[in-house]
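Every chain is numbered from 1 and lettered A, B, ... according to where its sequence line falls, protein lines coming before strand lines. Just so it is clear, the values below take in all heavy atoms, side chains as well, and ignore hydrogens, waters and symmetry mates.
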There are 2 protein chains.
Amino acid sequence: MTKSKNTSETILDIAQSLVQEFGFNGFSYAHIADKVGVKTASIHYHFPNKEDLGEALIVRYLQRFVAATAHLDSVTKNSKEKLRKYTLLYSEPVQDFCTCLSVMLASDVATLPEKMREGLARFFEANLTWLERVLDEGRREGDLHFEGASHLRAHQILASFQGGQLLARSFRDPGKFHRIAEEALFALS
Amino acid sequence: MTKSKNTSETILDIAQSLVQEFGFNGFSYAHIADKVGVKTASIHYHFPNKEDLGEALIVRYLQRFVAATAHLDSVTKNSKEKLRKYTLLYSEPVQDFCTCLSVMLASDVATLPEKMREGLARFFEANLTWLERVLDEGRREGDLHFEGASHLRAHQILASFQGGQLLARSFRDPGKFHRIAEEALFALS
DNA sequence: GTCTATACAGCGATAGAC
DNA sequence: GTCTATCGCTGTATAGAC
């Protein structure tokens, strides 16, 4: 594990933070270039156009989500605890008065190229699938208690997490997200 | 009540639909002008700059919300029924594969001028205040059943409605919003 | 792989005629 | 109240030298 990254990864890091703060149409190659310390032409070398950059961002984001939940599943057995850790995946951007990548892209969806839309849907699908499985397991093993379809509950949880991020940001109060997330999990006790 | 509107109102109507589809930074005066059938200079006559236009949009949106909930309160007594009608306020944009104005502005918040941010926070505050009151009344009168603070529940409902809009849009499935909203109200039975 | 230079479209905004 | 004309700036993107 080396400390320094290659330029492509650095560009993706900066681009992701810019999307999370300003949206996919709220930043330019010039913004990335300034932060990375190169010229815009160099960015185009790594990602010929903004569509390529956007797709790379989503692919990486989904990969990281899959890796994070896989690791989470391997080290945690209690379903309630799994959900608590899932919450933490989304609390980092909230602390920086941002939202996660998927919330920003979801609101920009009308201006996104088709491949990015498909990638975004895949990301949400992965979240819902994981949530539904954890809810089912938790109910079967007695860690979670709720009525109705786990499928609907998964949607409910994901939706409130997304909306919670928007509210926290609008009020400049990260605590709003945490209280909303806590309330969502409390309902499963 | 006349059928035709003045130009300012027409501009606001078009602008609102554009914000709801593309975000505050995703449309230009040229887009409005084309749809209204005038030139961009005319838009600047009514709203000197985009900030003025944005503020007018939010002010009108809050006024309409206050009027809608006031009317809703006057014609409906059952709290559960009130919440069901509240849901309908947000389901119109979802059918058009858009989100409500507040969701779009909330995700654009980092690029908005201060007055627009304040207006947005006021709009959310109005939603939360109304929800909290209806939740309290409903529990007191036996129409609604839930545990914990109504304040937290109000946040939970608003958040899931906002997130539900983003999910419905991302999957191009308005039904997702309706199922999420239904699930949120079902929990109050 | 990064640079300089540049093309070209779109943006918000203004001046001044009608 | 709407128009034409125009300005200055920023956006994405490319060609070609190093």
Legend entry - Nearest-nucleotide pick for N49(B), side chain only, options being dA13(C), dA15(D), dT4(D): dA13(C)
Inset, instruction - Among dA13(D), dT2(C), dA13(C), find the nucleotide with the atom closest to the side chain of K50(B). - result: dA13(C)
Inset, instruction - Give the rounded distance in Å between these two atoms: CD1 of I11(B) and C1' of dG1(D). - result: 10 Å
Inset, instruction - May I ask you to check whether Y29(B) and F47(B) place their ring centres under 6.0 Å from each other? - result: no
Legend entry - Gap separating the CD1 atom of I58(B) from the CG atom of L53(B), nearest 0.5 angstrom: 10.0 Å
Legend entry - Distance in angstrom units between Y45(A) OH and dA17(D) P, rounded: 18 Å
Legend entry - T40(B) or T7(B), whichever maps to the more 5' nucleotide of DNA chain D: T7(B)
Inset, instruction - Looking at every strand, decide which applies to Y29(A) at a 4.0 Å heavy-atom threshold: base, sugar-phosphate, or nothing. - result: sugar-phosphate
Inset, instruction - State yes or no: are the ring centers of Y90(A) and F177(A) separated by less than 6.0 Å? - result: no
Legend entry - Separation of dG12(C) P from N25(B) CG (nearest whole Å): 9 Å
Inset, instruction - Starting from C1' on dG11(D), measure out to CD on E51(A) and report it in whole angstrom. - result: 17 Å
Legend entry - Candidates dG12(C), dG11(D), dC3(C) - which lies nearest the side chain of V38(A): dC3(C)
Legend entry - Under 3.5 Å donor-acceptor, R139(B) side chain and F146(B) backbone: yes
Legend entry - Residue H44(B), side-chain atoms from C-beta onward, closest of dA13(D), dT14(C), dT2(D): dT14(C)
Legend entry - Nucleotide nearest A30(B) (side chain, heavy atoms from C-beta), chosen from dC11(C), dT4(C), dA13(C): dC11(C)
Inset, instruction - Mind calculating the distance between NE2 (H31(B)) and P (dG12(C)) to the nearest angstrom? - result: 9 Å
Legend entry - Distance in angstrom units between F22(B) CZ and dC11(C) C1', rounded: 16 Å
Legend entry - Listed nucleotide nearest any side-chain atom of H46(A), set dG11(D), dT2(D), dT2(C): dT2(C)
Legend entry - T76(A) side chain to N78(A) backbone, donor-acceptor under 3.5 Å: no
Inset, instruction - Please determine, for the side chain of S28(B), which listed nucleotide (dG1(C), dA13(C), dC11(C)) has the closest atom? - result: dC11(C)
Legend entry - Spacing between I32(B) atom CD1 and dA13(C) atom P, to the nearest angstrom: 11 Å
Inset, instruction - Give F47(B) one of three labels, base, sugar-phosphate or nothing, depending on what nucleic acid heavy atoms sit under 4.0 Å from its own. - result: nothing
Legend entry - Nucleotide nearest S42(A) when distance is taken to its side chain, options dC3(C), dA13(C), dC3(D): dC3(C)
Legend entry - Value in whole Å for how far the C1' atom of dA13(C) lies from CG of L53(B): 14 Å
